[in-house]
Amino acid sequence: MQKFSLSWPALCGLVVGLSACAAPGSGQSWECTARGLVNSHYTGGDSALIHLQGFSSGGNYAVTKSADGNVATGTTANGTAFQCVKKS
């Protein structure tokens with residue numbers, strides 16, 4: 001059996017390189033809004049993390065993207081609409 005090892009800098013570079021490719025819309029900045037929004041996270045994919053007031057944590061909710069891909073909209077489990085807009 002052959003032993004394989006990576007130096008710390010090489011391993012770091014590999015992790016950074018893979019993470020850059022992993023998330024849709026990497027490098028894009030998005031701003032989400034909703035009534036009672038505490039926190040949000042969206043990177044351009046199929047769902048957004050939305051945390052509303054009155055809840056101990058947020059949840060991931062499906063989004064529908066506009067034709068130009070600059071706006072993503074969705075609805076939380078309690079019916080609160082949210083919108084995430086790509087910042088230029």
Side-chain angles (χ1 to χ4, degrees):
M1 182 185 234
Q2 186 175 2
K3 186 176 179 182
F4 180 77
S5 65
L6 281 174
S7 68
W8 178 247
L11 182 59
C12 229
L14 177 64
V15 169
V16 169
L18 290 174
S19 353
C21 298
S26 293
Q28 304 292 331
S29 179
W30 293 81
E31 184 174 338
C32 299
T33 56
R35 187 181 68 245
L37 185 67
V38 172
N39 194 14
S40 65
H41 183 72
Y42 181 64
T43 59
D46 295 332
S47 65
L49 173 69
I50 304 294
H51 179 190
L52 301 175
Q53 290 175 351
F55 296 91
S56 59
S57 64
N60 285 305
Y61 300 100
V63 299
T64 301
K65 291 172 91 173
S66 62
D68 65 5
N70 292 323
V71 178
T73 57
T75 306
T76 66
N78 75 345
T80 301
F82 65 90
Q83 181 179 53
C84 300
V85 178
K86 188 186 296 185
K87 295 166 73 174
S88 47

Q | CG on Asn60 to CG on Asp46, rounded to 0.5 Å | A | 11.0 Å
Q: For Val38 and Gln53, run side chain to side chain contact (heavy atoms under 4.5 Å, CB included): C-alpha distance rounded to whole Å, both residues' side-chain angles, the deciding distance at 0.1 Å, then the answer.
A: CA-CA 6 Å; Val38 172; Gln53 290 175 351; 3.6 Å; yes
Q | Euclidean distance, Phe82 CZ relative to Thr73 OG1, rounded to 0.5 Å | A | 7.5 Å
Q.
Nearest 0.5 Å, please: how far is OG in Ser40 from NE2 in His51?
A. 11.0 Å
Q. Val71 and Gln83: which non-hydrogen atoms are nearest, and at how many Å?
A. CG1-NE2, 3.3 Å
Q. Val85, Leu37: one ILVMFWY side-chain cluster at the under-4.5 Å cut-off?
A. no
Q) Heavy-atom distance under 4.5 Å between the side chains of Ile50 and Tyr42, does that happen here? A) no
Q: Provide the closest heavy-atom pair for Leu52 versus Ala34 in the form atom of the first, atom of the second, distance.
A: CD2-CB, 4.2 Å
Q. Any donor and acceptor pair, going by atom type alone, linking the side chain of Lys86 with main-chain N or O of Ala72 inside 3.5 Å?
A. no
Q: Could you tell me whether the side chain of Phe55 reaches within less than 4.5 Å of the side chain of Thr76, counting heavy atoms only?
A: no
Q) Closest heavy-atom contact between Gly45 and Val63? A) O-CG2, 3.5 Å
